[in-house]
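All remarks here apply to the structure that follows.
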Amino acid sequence: ERRLGVDVGVMAPLGDFQKFFTNAPMIGLHFTWEAIAPFALRVSTNRASAYHKSGAASGKLTVSSINIGTQASFPINRFIPFLKFEGSFNFNDVSFDSTKVVTAGSDTFVTTVGLNVGLGMDFIVGREMSFGFEGTYHYLVPKKINLSDNSMFDLGSSYASVGFRVNF
């Protein structure tokens with residue numbers, strides 16, 4: 001069984017992300033292929049852009065990731081609770097106003113790697129469609145960058161996400 005899905009939710013920043021940036025809408029795609037029940041191969045991507053807590057003119061954080069892992073599903077009639085575990089390649093980008101500029105450590109090609117752990121529930125509404133929700137904790141390997149005000153910023157800060165999903 002193979003499923004393609006769309007995810008819409010909210011990214012809640014943690015660590016250095018939380019100090020400066022607000023929650024942000026997140027959008028993503030996922031593909032699952034059940035190889036050996038209850039386990040499925042899962043490939044997904046997501047993206048969110050958060051503005052600085054002081055307003056858009058003060059900076060922006062963009063979090064993008066490509067994730068590969070497994071999903072274990074445990075069907076109960078029309079309800080399918082699941083757990084997921086993924087490895088993650090993250091492409092995070094940050095900008096501040098003119099008083100804080102990234103001066104060193106600013107490579108944004110595969111910013112960092114991480115692990116995602118999540119759980120959720122799908123509700124089957126037809127032969128080829130289901131709706132659901134999921135929550136995920138995104139742990140990223142820390143990656144410090146230097147700013148022009150002699151401070152450091154962790155471009156590998158973790159974040160959490162919750163969202164709604166549609167599977168086809």
Side-chain angles (χ1 to χ4, degrees), residues 1-34 38-56 58-76 78-95 108 110-126 128-143 153-168:
E1 183 175 313
R2 294 182 273 289
R3 296 263 182 193
L4 179 64
V6 177
D7 307 306
V8 178
V10 175
M11 184 260 309
L14 303 170
D16 279 2
F17 289 174
Q18 184 181 27
K19 288 180 192 174
F20 298 101
F21 299 98
T22 61
N23 292 346
M26 178 177 270
I27 190 161
L29 295 171
H30 66 270
F31 173 77
T32 56
W33 176 47
E34 189 173 314
F39 297 104
L41 171 68
R42 179 180 167 97
V43 178
S44 64
T45 183
N46 55 35
R47 180 179 173 88
S49 291
Y51 290 110
H52 196 280
K53 287 182 176 179
S54 300
S58 296
K60 186 176 182 180
L61 168 69
T62 301
V63 175
S64 303
S65 67
I66 297 172
N67 314 297
I68 301 169
T70 189
Q71 176 176 308
S73 300
F74 307 97
I76 305 168
R78 293 192 160 282
F79 301 97
I80 305 174
F82 65 87
L83 299 169
K84 68 177 185 175
F85 183 76
E86 302 169 317
S88 181
F89 299 97
N90 297 273
F91 307 88
N92 302 337
D93 192 19
V94 66
S95 65
T108 54
V110 183
T111 306
T112 188
V113 294
L115 297 172
N116 301 337
V117 178
L119 56 99
M121 174 84 71
D122 285 332
F123 306 97
I124 299 171
V125 294
E128 298 295 328
M129 190 171 200
S130 65
F131 296 100
F133 60 88
E134 71 177 65
T136 305
Y137 175 74
H138 306 263
Y139 170 79
L140 304 182
V141 174
K143 183 173 185 179
F153 182 83
D154 186 1
L155 199 54
S157 292
S158 296
Y159 59 95
S161 62
V162 293
F164 178 75
R165 52 192 257 151
V166 178
N167 297 303
F168 306 101

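Just so you know, these numbers use all the heavy atoms, side chains as well, and skip hydrogens, waters and symmetry mates. In this chain, numbering begins with 1 at the start of the sequence shown.
Between T62 and R47 there is a side-chain heavy-atom pair separated by less than 4.5 Å. Between T70 and L41, every side-chain heavy-atom pair lies at or beyond the 4.5 Å cut-off. In this structure, the side chains of F17 and V63 come closer than 4.5 Å at one or more pairs of heavy atoms. For the pair L115/F85, a side-chain contact is recorded, criterion being any heavy-atom separation below 4.5 Å from C-beta on. Side chains of L155 and T112 form no contact here, defined as non-hydrogen atoms less than 4.5 Å apart. Residues N90 and Y159 form a side-chain contact, since some pair of their non-hydrogen atoms from C-beta on lies under 4.5 Å apart. Looking only at side-chain heavy atoms (C-beta outward), M129 and V166 come within less than 4.5 Å of each other. Counting heavy atoms from C-beta outward, K60 and D93 have side chains that stay 4.5 Å or more apart.
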>> Go through it in stages, so that I can follow the logic: the residues are Y137 and L14, the test is side chain to side chain contact (heavy atoms under 4.5 Å, CB included), and I'd like the CA-CA distance, side-chain angles, deciding distance and then a yes or no.
In response: CA-CA 10 Å; Y137 175 74; L14 303 170; 3.6 Å; yes
>> If you apply the rule side chain to side chain donor-acceptor pair (under 3.5 Å), what do you find for H30 with N167, and how did you get there?
In response: CA-CA 9 Å; H30 66 270; N167 297 303; 2.6 Å; yes
>> Evaluate F20 against L61 for side chain to side chain contact (heavy atoms under 4.5 Å, CB included), listing each step before the verdict.
In response: CA-CA 9 Å; F20 298 101; L61 168 69; over 6 Å; no
> Does the pair T111 and K143 meet the rule for a side chain to side chain donor-acceptor pair (under 3.5 Å), with working shown?
Replying inline: CA-CA 8 Å; T111 306; K143 183 173 185 179; 5.6 Å; no
>> Run the side chain to side chain contact (heavy atoms under 4.5 Å, CB included) test on T136 and N46 for me, step by step, so that the C-alpha distance in whole Å, both residues' side-chain angles and the decisive distance to 0.1 Å come before the verdict.
In response: CA-CA 12 Å; T136 305; N46 55 35; over 6 Å; no
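Applying the side chain to side chain donor-acceptor pair (under 3.5 Å) rule to pairs touching residues 17-29 yields D16-K19, sequence neighbours excluded.
Applying the 6.0 Å contact sphere to CZ of F31 captures more than 12 heavy atoms from other residues, nucleotides or ligands. With a 6.0 Å radius and a threshold of 12 heavy atoms from other residues, nucleotides or ligands, F79 has its CZ atom at or below the threshold.
Screening S158, S161, S157 for a side chain to side chain contact (heavy atoms under 4.5 Å, CB included) involving H138 leaves a single residue, S161.
To the nearest 0.5 angstrom, S44 atom OG is 9.5 Å from Q71 atom CD. Rounding to the nearest 0.5 Å places CD1 of I27 at 10.5 Å from OG1 of T45. For the atom pair CZ of F168 and CG of L4, the computed distance is 7.0 Å after rounding to the nearest 0.5 Å. Rounding to the nearest 0.5 angstrom, the gap separating the CG atom in L140 from the CG atom in N116 is 7.5 Å. Annotation: the span from F133 atom CZ to R165 atom CZ amounts to 10.5 Å, rounded to 0.5 Å. For the atom pair S65 OG and M26 CE, the distance stands at 6.5 Å (nearest 0.5 Å).
In plain terms, the two heavy atoms of G132 and F164 that are nearest each other are O-CD1, 3.2 Å. The heavy-atom pair separating S130 from I124 by the smallest distance is CB-CA, 3.9 Å. Heavy-atom minimum distance, P81 versus I76: CG-CD1, 4.2 Å. Across all their heavy atoms, A48 and P25 have their closest contact at CB-O, 3.4 Å. Minimum heavy-atom separation, F82 to M121: CE2-N, 3.5 Å. Nearest heavy atoms, P142 versus D154: CA-OD1, 3.4 Å.
Annotation: ring pair (Phe, Tyr, Trp, His ring centres under 6.0 Å) contacts of F21 (sequence neighbours excluded): H52, F96.
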